[in-house]
**Student:** 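This is the structure I have questions about; it appears just below.
These values consider heavy atoms only, across backbone and side chains, with no hydrogens, waters or symmetry-generated copies.
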Amino acid sequence: MRIDVLTLFPRMFDGPMGESIIGKAREKNLLEMNVSNFRDFSDNKHQTVDDYPYGGGAGMLLKVQPIYDNIKAIEKETPQTKKRVILLDPAGKPFNQTMAEEFAEEEHLVFICGHYEGYDERIRSLVTDEVSLGDYVLTGGELGAMVMIDATVRLLPDVLGNNVSAQTDSHSTGLLEHPQYTRPASFNDMDVPAVLMNGNHKLIEEWQLKESLRRTYLRRPDMLEKIELTDQMKKLLREIKKEEI
């Protein structure tokens, strides 16, 4: 996969995008990532990228020309790839795990990080998606882009050491992940559930499913309305509701 980021603050990406899973993916050539400063594409001598809005209003708007030219430069460099161009915007569709899975299927992603008051509306004609990290406003789109890139890249084949990890993460299954434990078996009178140490994989899987359902029921009951429950899950959920009274 190739990812391009258009931003006014490229150095913000130096640390986070070179460490941990993202850094390893780049080292293994599973990910090519390029960050460009769209100020470099401004067509005036002062390299301005924003201006006052027509009709008045508070703040400054990002101009269409620098972003347009930056995207055209990427297209010229990589004419062979099909691109999904993502505009970071508080008014966009909320980002979620399903969207991360969709992005992970693409060969080339381009993220446009906004700043200032907003965008010239004509910038929207250049994109395929308008996406928001959540119902709050950040100073710019950079942090949101990093979150989306991280959530997407970890789903690429061979990026994680264990590909099953991505499949069983919270939200990937439609449920929150069950509690997990490692050594020691007992710490400060807090013990690992005995079922996890008895070697009976069928019982372990049932416990994990039940506790995943329990955690979702208690913390994110809205998620249960979005998935189709099996008969086993319905039975376990009835048990959980009785236990949590």
**Student:** Does CZ belonging to Arg124 count more than 12 external heavy atoms closer than 6.0 Å?
**Tutor:**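 Result for CZ/Arg124: enclosed.
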**Student:** Compare all side-chain heavy atoms of Val5 with those of Asn34 and state whether any distance is below 4.5 angstrom.
**Tutor:**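 No. Closest side-chain heavy atoms not under 4.5 Å.
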**Student:** Parallel, tilted or perpendicular: which fits the ring planes of His115 and Phe9, with parallel below 30° and perpendicular above 60°?
**Tutor:**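 Plane angle between 30° and 60°, so tilted.
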**Student:** Looking at Arg26 and Glu19, does any basic side-chain N land under 4.0 Å from a carboxylate oxygen?
**Tutor:** no
**Student:** Do Lys235 and Glu239 meet the salt-bridge criterion of a basic N to acidic O distance under 4.0 Å?
**Tutor:**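 Counted as a salt bridge, because a side-chain N and a carboxylate O are separated by less than 4.0 Å.
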**Student:** Charged N to carboxylate O below 4.0 Å: is that the case for Glu211 and Arg214?
**Tutor:**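 Counted as a salt bridge, because a side-chain N and a carboxylate O are separated by less than 4.0 Å.
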**Student:** Using a cut-off of 6.0 Å, state whether more than 12 heavy atoms not belonging to Tyr52 lie near its atom OH.
**Tutor:** no
**Student:** Regarding Thr81 and His108, is there a side-chain donor-to-acceptor distance under 3.5 Å anywhere?
**Tutor:** yes
**Student:** Just so I know, are the side chains of Ser212 and Tyr217 near enough to count as touching, which here means a heavy-atom distance under 4.5 Å?
**Tutor:** no
**Student:** So, for Ala104 and Leu155, which heavy atoms are closest and what is the spacing to 0.1 Å?
**Tutor:** CB-CB, 3.8 Å
**Student:** Does atom OH of Tyr136 have more than 12 heavy-atom neighbours from other groups under 6.0 Å away?
**Tutor:** yes
**Student:** Return the minimal non-hydrogen interatomic distance between Ala25 and Val153, and the atom names on each side.
**Tutor:** CB-CG1, 4.0 Å
**Student:** With a 6.0 Å cut-off (strictly less than), is the heavy-atom count around CG of Asp135, excluding the residue itself, greater than 12?
**Tutor:**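 No, not enclosed.
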**Student:** State, with a plain yes or no, whether a side-chain heavy atom of Glu130 is found less than 4.5 Å away from one of Ile123.
**Tutor:**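 A side-chain contact under 4.5 Å is absent here.
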**Student:** Could you tell me whether Glu205 and Lys202 have a side-chain N and a carboxylate O separated by less than 4.0 Å?
**Tutor:**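 Salt bridge: no.
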**Student:** Can you list every salt bridge (charged side-chain N to carboxylate O under 4.0 Å, His left out) pair that touches residues 72-88, not counting sequence neighbours?
**Tutor:**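 Every salt bridge (charged side-chain N to carboxylate O under 4.0 Å, His left out) pair that includes a residue of residues 72-88, provided the two are not neighbours, is Arg2-Glu77, Lys72-Glu75, Arg84-Glu102, Arg84-Glu106, Arg84-Asp129.
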**Student:** For the pair Thr216 (side chain) and Leu175 (backbone), establish whether a donor and an acceptor sit closer than 3.5 Å, ignoring hydrogens and angles.
**Tutor:** no
**Student:** Using every non-hydrogen atom in the two residues, find where Gly174 and Met223 come nearest and quote the distance to one decimal.
**Tutor:**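 So the two residues come closest at O-CE, 3.3 Å.
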**Student:** Under the 3.5 angstrom rule, does the side chain of Gln65 hit a backbone N or O of Phe41 as a donor-acceptor pair?
**Tutor:**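 Present.
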